[in-house]
There are 2 protein chains.
Amino acid sequence: MKRRDFGQYCGLARALELVGERWALLIVRNLVVRPRRYTELQTGLAGIPTNVLATRLKELEQAGIVERQVAPAPQRGVVYALTAAGRGLEPALLALARWGSTQLGEPQPGDVISPEGLVLSLRARFQPDQAAALSASWEIHVRDVVMHAVITDGELTTGLGAAPVKPDLTITARFADDELASYRGIMSAVRDGLVDLSGRKQLLDTFLRVFTVPRAA
Amino acid sequence: MKRRDFGQYCGLARALELVGERWALLIVRNLVVRPRRYTELQTGLAGIPTNVLATRLKELEQAGIVERQVAPAPQRGVVYALTAAGRGLEPALLALARWGSTQLGEPQPGDVISPEGLVLSLRARFQPDQAAALSASWEIHVRDVVMHAVITDGELTTGLGAAPVKPDLTITARFADDELASYRGIMSAVRDGLVDLSGRKQLLDTFLRVFTVPRAA
DNA sequence: CTGCATCCACTTTGATACTG
DNA sequence: CAGTATCAAAGTGGATGCAG
């Protein structure tokens, strides 16, 4: 059951042995946002074969990255969650996402955007220096996806669903039916005013500043 | 010749499509340190099949990550180097290496340590806040590997070979013949004084401080 | 319905041999 | 030196089956 090692005593090689296989990091990406059931992962990862998902989950569990929890009382089912080690992958995920987003061309026909991808983009684009000592919260609605970004004293938390407390500003992006609601698309909509706002509207500029990577970098 | 896409318009997915295949990031790792010829990569990546190396190099070139240069006058041969896009992968490489190094157990029999792995470890472990406004240079000798670390006003440059200018301190680590000269091994040797020094010996503590990830993190 | 396991065609990888 | 050619083994994608 052991994948071929690289035979190097090296952090990068080890990382690739553990999460370098196809689909592995995308599974971790979805679990970073929140724990998920098997079928949620399956539908969220549009296109992953079920046997590959099962295999990866076993390998990731074996590696101590994912934990298989049997949900207790109400729903009772299997829930997959990241361990502390798994959560430790987030900086690497964000770094890869930042680089990859510079390599994104035009969306191909058939491409989809997952809610988790949007949350990851938000985190990847966060500019800590722009948010120093800031406290503010936003809720973003785009098609049927709702996500939130809360900055407390410069610290960011994001996730899917409504904000945990009433957000300072709610942004609803309007999209044409045939338009892909990508992160860039959302930011363009915000820039061009193609949004409905509710709350402290002056926080729209702050949003743009805090979640846009400056040109120079 | 196109590898199956993930079908997601997402930075992470794109990154994995471009450099997610086996051996790809290890090739990039070696090229980050310096351009290499085909055979240097082959021997440096102990264990990579030659057809896989050839395939990866073509894919990476296609992706605009690697550049194939025909060396000019004296040696004339093929040299592979990273493009600007390829160099942009370094933060992601370092983040993965940092995580992976927390997942390194004991070295397996047969494991090797590549010089490039050591250089990457040095960069991955660099603590910018500990080096603020610092200027110092070290040359590290370990077995037959020589590498250098130069900090100029808080900015780090590292590489293989002797330091570009006379280093402030030269550290030569002593290792038993059967001991693996890993980064951890080197740092232990430094801590335990199992080193020969030449130069400003008080820079040994600085070295440890600047290139050791603190416990808390 | 959820959470997989099995089967099969196809692709990628590893190991080795060989060539301009 | 810088690869290509060949072939077996392993991994992946897609469809389907099935128990709790």
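In what follows, every heavy atom counts, from backbone to side chain, and hydrogens, waters and symmetry copies are set aside.
Applying the side chain to side chain donor-acceptor pair (under 3.5 Å) test to pairs two or more places apart or on separate chains, those with a residue in residues 23-41 of chain B are A/Gln8-B/Arg29, B/Arg29-B/Ser114, B/Arg36-B/Glu40, B/Arg36-B/Glu116, B/Tyr38-B/Thr50. Residue pairs satisfying the side chain to side chain donor-acceptor pair (under 3.5 Å) criterion with at least one member in residues 98-113 of chain B, sequence neighbours excluded, are absent.
Defining each end axis of the helix from C/dC1-D/dG20 to C/dG20-D/dC1 as the rotation carrying four pairs' C1' atoms onto the next four, with five pairs an end, the two axes are found to diverge by 30° to 10 degrees.
Judged as a side chain to side chain donor-acceptor pair (under 3.5 Å), and not counting sequence neighbours, A/His148 has no contacts. Every side chain to side chain donor-acceptor pair (under 3.5 Å) that B/Asp196 has, sequence neighbours left out, goes to B/Arg174. For A/Ala84, the side-chain contact (heavy atoms from CB on, under 4.5 Å) criterion is met by A/Arg87, not counting sequence neighbours. Legend: residues meeting side-chain contact (heavy atoms from CB on, under 4.5 Å) with A/Val146, ordered by chain and number and at least two apart, are A/Glu139, A/His141. Residues passing the side chain to side chain donor-acceptor pair (under 3.5 Å) test with B/Glu90, sequence neighbours excluded: B/Arg123. Residues passing the ring pair (Phe, Tyr, Trp, His ring centres under 6.0 Å) test with A/Tyr80: none are found, sequence neighbours excluded.
Using a 4.0 Å cut-off on heavy atoms, the residues of residues 29-44 of chain B that approach DNA chain D are B/Arg37, B/Tyr38, B/Thr39, listed by number.
Looking at heavy-atom distances under 4.0 Å, B/Arg76 makes no contact with the nucleic acid at all.
Contact check on A/Glu61 versus A/Lys58 returns no salt bridge, with no Lys/Arg side-chain nitrogen under 4.0 Å from an Asp/Glu carboxylate oxygen.
Atom CD of A/Gln69 is surrounded by more than 12 heavy atoms from other residues, nucleotides or ligands within 6.0 Å.
Mapping B/Trp23 and A/Gly77 onto DNA chain C via the closest heavy atom, the residue that lands nearer the 5' end is A/Gly77. Heavy-atom nearest nucleotides on DNA chain C were determined for B/Ile48 and for A/Ala54, and the one closer to the 5' end corresponds to A/Ala54.
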Donor-acceptor pairs under 3.5 Å, side chain of residues 164-171 of chain B to any protein atom, not counting sequence neighbours: which ones?
unit_1: B/Asp168; atom_1: OD2; unit_2: B/Ser137; atom_2: N; d: 2.9

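Of the side-chain N and O atoms in A/Lys58, one or more sit less than 4.0 angstrom from OP1 or OP2 of C/dA5.
Nearest to the side-chain atoms of A/Val52 among the listed nucleotides D/dG13, C/dG14, D/dA2 stands D/dG13. Here D/dT12 is the nucleotide among C/dT12, C/dG3, D/dT12 with the atom lying nearest to any side-chain atom of A/Arg56.
With rounding to whole Å, B/Leu16 atom CG is found 17 Å from C/dT12 atom C1'.
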* When you check every protein heavy atom under 4.0 Å of nucleotides 15-20 of chain C, what one-letter string (B, S, -) results, 5' to 3'? -> BBB---

